[in-house]
Visitor: 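I'd like to ask some things about the structure below.
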Amino acid sequence: MALSPYDLFDIRSQLSEEERAVQETVARFTNERVLPIIGECFDQGRFPKELVPEIASLGLLGSSLPEEYGCAGLNAVSYGLICQELERGDSGLRSFVSVQSSLCMYPIYAYGSEEQRRQWLPRMAAGEVIGCFGLTEPHGGSDPANMKTHARKDGGDWVINGSKMWITNGNLADIAIVWAQTDEGIQGFIVEKGTPGFTAQEIKHKMSLRASVTSALYFDNVRVPEANRLPNVKGLKGPLGCLTQARYGITWGPIGAAIACLDEALNYSKERVLFGRPVAATQSAQIRLADMARRITLAQLLSLQLGRLKDAGTMQPQQVSLAKWNNCRMAIDIARECRDLLGGAGITTEHVAIRHALNMESVITYEGTETVHQLVIGRELTGINAF
Ligand code: TGC
Ligand code: FAD
């Protein structure tokens with residue numbers, strides 16, 4: 001039986017029927033609805049917002065949260081497969097789903113009151129309310145403990161001052177989950193669009209994640225009621241707990257980007273005839289392609305095992321760090337290699353490799369840079385904090 005170049009270790013056979021069905025559904029969506037338009041969206045610097053209702057109707061928003069809140073109640077492996085198939089299209093779409101699901105719906109579910117859950121989650125699952133997550137600040141995202149944005153209690157309200165930087169969905173969002181320093185430590189607040197003093201400004205001139213909205217958020221004496229505070233968490237573990245959810249999904253996403261690049265490079269190098277034979281018939285091209293397949297296979301095995309640990313309730317943040325580091329590095333290297341195998345053709349968005357390579361510059365940076373994740377593993381091994 002011939003092996004699939006994109007699934008050399010038959011990961012598919014390890015998936016349940018439901019997980020396969022999820023993967024097939026999202027793969028079809030990506031093939032039919034994303035791939036025909038995404039190159040142009042990237043060129044134009046446009047997020048394809050018109051796809052949001054369909055993404056919602058497929059159950060991809062907050063897919064792991066319970067059905068009683070209008071969500072699909074899928075397991076962690078299914079969420080991973082959703083991320084993989086979306087990012088096979090473009091990191092921007094996966095980012096949209098990561099932020100909505102893991103960084104906005106998850107904290108409302110995990111740290112919010114029952115009233116907040118019922119108020120927001122069903123409409124967020126339906127794509128009627130879009131969220132963004134404000135943790136990073138202009139003076140240094142790797143060290144969020146040093147945040148300057150603060151919230152002061154004033155009677156029954158909170159008054160927020162400060163700014164956030166590099167916020168995915170910022171100008172699209174109806175609500176922002178904002179993390180701010182308070183007298184009792186870092187706390188999370190739901191800030192609604194249109195609240196006086198709250199503004200979002202889109203960041204232009206990006207060469208990466210161009211099919212995604214990225215913004216700066218500003219808070220100038222923004223007054224929110226106590227009912228908008230997430231009551232069930234205090235301290236940095238609140239936002240870091242959300243990051244663990246999102247980073248888990250991000251370990252799967254780059255596998256999709258890498259598969260898209262390998263697919264393109266395989267086809268191109270089989271057809272491109274140089275010095276009298278296809279590029280794919282040269283030993284050096286085959287070694288490069290084989291190495292890509294090896295690295296994709298290792299990444300698939302890492303993410304699947306991570307997903308099984310998550311579904312068993314035993315996944316540790318350090319394991320997520322290792323997989324995020326490995327899989328982002330794998331995908332950025334493969335995208336760049338594939339770009340090179342396409343020669344000059346590889347520099348245009350007529351082909352996918354350059355778009356994925358550029359997107360991966362963000363994916364390897366956000367949700368903890370490669371260095372941050374390496375230092376998390378170093379700390380785990382040595383017991384010494386090198387941050
Ligand atoms: P540290 O002392 O290690 O921890 C403070 C408290 O948090 C707990 N904790 C975690 N909890 C859950 N998940 C994790 N990953 C956790 N890591 C730590 C920890 O147990 C402790 O709890 P407690 O109860 O003892 O208070 O904190 P530190 O200041 O030493 O931080 C370490 C470091 C550098 C790893 C952390 O600051 C970090 O991860 N920095 C990177 C920041 C980052 O990733 N920002 C991402 C912003 S959001 C984003 O990029 C979205 S892009 C989305 C998209 O478009 O897809
Ligand atoms: P810095 O923290 O200033 O890091 C600069 C360099 O220093 C990096 O190379 C880093 O690895 C290195 N470094 C850091 N610490 C150490 C150390 N101890 N030793 C050695 N080197 C170190 N944030 C949000 O809150 N919400 C979002 O929705 C969001 N979306 C994003 C979307 C995009 C497209 C991008 C690019 C970023 C997004 N971010 C978001 C921000 C992202 O999380 C930060 O960019 C990231 O955490 C790094 O922070 P920084 O950019 O301030 O870099």
Side-chain angles (χ1 to χ4, degrees), residues 45 47 83 86-87 90-104 106-107 110-111 130-147 149 163-173 176-180 185-186 188 200 202-203 205-217 233-254 310 315-325 328 358-380 384-387:
F47 171 70
C83 291
L86 287 176
E87 197 145 353
D90 193 84
S91 305
L93 275 175
R94 198 270 308 133
S95 265
F96 174 79
V97 169
S98 292
V99 169
Q100 180 84 346
S101 303
S102 293
L103 296 183
C104 297
Y106 172 81
Y111 312 139
I130 293 174
C132 68
F133 176 90
L135 177 65
T136 303
E137 301 192 351
H139 55 273
S142 298
D143 184 14
N146 184 34
M147 75 172 57
T149 297
S163 63
K164 299 287 175 181
M165 187 67 181
W166 302 115
I167 306 305
T168 301
N169 295 350
N171 281 74
L172 278 180
I177 304 294
V178 179
W179 297 95
I186 291 170
E202 190 163 352
I203 297 171
H205 312 296
K206 288 185 303 174
M207 300 305 287
S208 172
L209 275 194
R210 288 182 53 74
S212 170
V213 172
T214 316
S215 311
L217 307 182
V233 78
K234 283 195 182 113
L236 194 58
K237 66 174 183 285
L240 292 184
C242 305
L243 297 187
T244 296
Q245 306 301 313
R247 289 167 176 172
Y248 161 74
I250 292 175
T251 74
W252 288 82
K310 191 169 194 301
M315 184 184 83
Q316 300 294 314
Q318 297 85 341
Q319 295 167 328
V320 181
S321 281
L322 191 136
K324 201 263 180 188
W325 159 24
C328 288
L358 290 169
N359 282 340
M360 284 308 304
E361 297 287 350
S362 288
V363 181
I364 204 170
T365 296
Y366 67 34
E367 294 281 0
T369 64
E370 186 173 60
T371 305
V372 161
H373 292 295
Q374 289 166 331
L375 295 181
V376 166
I377 302 302
R379 181 166 69 177
E380 184 63 20
I384 302 166
N385 186 355
F387 287 108

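Both counts, for ligands and for their atoms, begin at 1 and track the order of listing. Positions are given from 1 along the sequence.
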Visitor: Specify the protein heavy atom at minimum distance from atom 1 (P) of ligand 2: its residue, its atom name, and the distance to 0.1 Å.
Guide: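 Its nearest protein heavy-atom neighbour is S142 OG, 3.7 Å.
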
Visitor: Out of all atoms in ligand 2, which are within 4.0 Å of some heavy atom of T369? Include the element for each.
Guide: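 Near T369, meaning under 4.0 Å from one of its heavy atoms, ligand 2 has 10 (C), 11 (O), 48 (C).
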
Visitor: Could you name the option among F387, W179, Y366 that has the heavy atom nearest to atom 42 (C) of ligand 2?
Guide: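 Of the listed residues, Y366 has the closest heavy atom.
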
Visitor: With nothing but distance in play, are any N or O atoms of T214 less than 3.5 Å from an N or O of ligand 2?
Guide: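 No; every N/O pair is 3.5 Å or more apart.
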
Visitor: List the closest protein heavy-atom neighbour of atom 28 (O) of ligand 2: residue, atom name, distance to the nearest 0.1 Å.
Guide: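 Checked against all protein heavy atoms, atom 28 (O) of ligand 2 sits closest to T168 N, 2.9 Å.
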
Visitor: May I ask you to check whether T136 has an N/O atom sitting below 3.5 Å from an N/O atom of ligand 1?
Guide: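 So ligand 1 has no N or O lying under 3.5 Å from an N or O of T136.
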
Visitor: Does T365 have a heavy atom less than 4.0 Å from any atom of ligand 2?
Guide: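 Under 4.0 Å: yes for T365.
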
Visitor: Looking at atom 31 (O) of ligand 1, what's its closest protein heavy atom, distance included?
Guide: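 Nearest protein contact, heavy atoms only, for atom 31 (O) of ligand 1 is L236 CD2, 4.3 Å.
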
Visitor: Among G368, S362, G140, which one puts a heavy atom closest to atom 34 (C) of ligand 2?
Guide: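 Comparing heavy atoms across G368, S362, G140, the nearest one to atom 34 (C) of ligand 2 lies in S362.
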
Visitor: Just let me know how F387 lines up against ligand 1, side chain, backbone, both or neither, with a heavy-atom cut-off below 4.0 Å.
Guide: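 Answer for F387: side chain.
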
Visitor: May I ask you to identify the nearest protein heavy atom to atom 20 (C) of ligand 2, giving residue, atom name and distance to one decimal place in Å?
Guide: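 Atom 20 (C) of ligand 2 sits closest to the protein heavy atom T371 CG2, 3.8 Å.
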
Visitor: What about G368: any of its N or O atoms under 3.5 Å from an N or O on ligand 1?
Guide: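 Yes, there is a polar N/O contact under 3.5 Å.
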
Visitor: Establish, from distance only, whether the side-chain atoms of Y366 and T168 form a donor-acceptor pair under 3.5 Å.
Guide: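 There is no such pair (donor and acceptor under 3.5 Å, judged by atom type) between the side chains of Y366 and T168.
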
Visitor: If we only consider heavy atoms of L103, is any one of them less than 4.0 Å away from an atom in ligand 1?
Guide: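 Heavy atoms of L103 do come under 4.0 Å of ligand 1.
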
Visitor: Which residues satisfy the side chain to side chain contact (heavy atoms under 4.5 Å, CB included) test with I364, sequence neighbours excluded?
Guide: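 Here the qualifying residues are C328, R329, I332, E370.
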
Visitor: Considering distance alone, does some N or O of D143 sit under 3.5 Å from an N or O of ligand 1?
Guide: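 N/O-N/O distance below 3.5 Å does not exist for this pair.
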
Visitor: In this structure, does ligand 1 have an atom that sits under 4.0 Å from one of the heavy atoms of A246?
Guide: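 No.
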
Visitor: So for ligand 1, is V99 a polar contact partner (N or O within less than 3.5 Å, distance only)?
Guide: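 In fact, backbone or side chain, V99 has no N or O that close.
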
Visitor: According to side-chain hydrogen bond (donor to acceptor under 3.5 Å, both in side chains), who are the partners of E87, at least two apart in sequence or on a separate chain?
Guide: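 For E87 the side-chain hydrogen bond (donor to acceptor under 3.5 Å, both in side chains) partners, ignoring immediate neighbours, are S91, R94.
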
Visitor: I'd like to check whether S98 has a polar contact with ligand 1, where a contact means an N/O of the residue lying under 3.5 Å from an N/O of the ligand.
Guide: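 So ligand 1 has no N or O lying under 3.5 Å from an N or O of S98.
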
Visitor: Is there at least one pair of N or O atoms, one from N385 and one from ligand 1, spaced under 3.5 Å apart?
Guide: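 No, N385 has no N/O under 3.5 Å of an N/O on ligand 1.
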
Visitor: Please list the nearest protein heavy atom to atom 14 (C) of ligand 1 with its residue and the distance rounded to 0.1 Å.
Guide: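 Ranked first by proximity to atom 14 (C) of ligand 1 is T244 OG1, 3.2 Å.
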
Visitor: Out of curiosity, is G235 lining ligand 1, as in a heavy atom under 4.0 Å away?
Guide: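 The answer is no: ligand 1 sits nowhere under 4.0 Å from a heavy atom of G235.
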
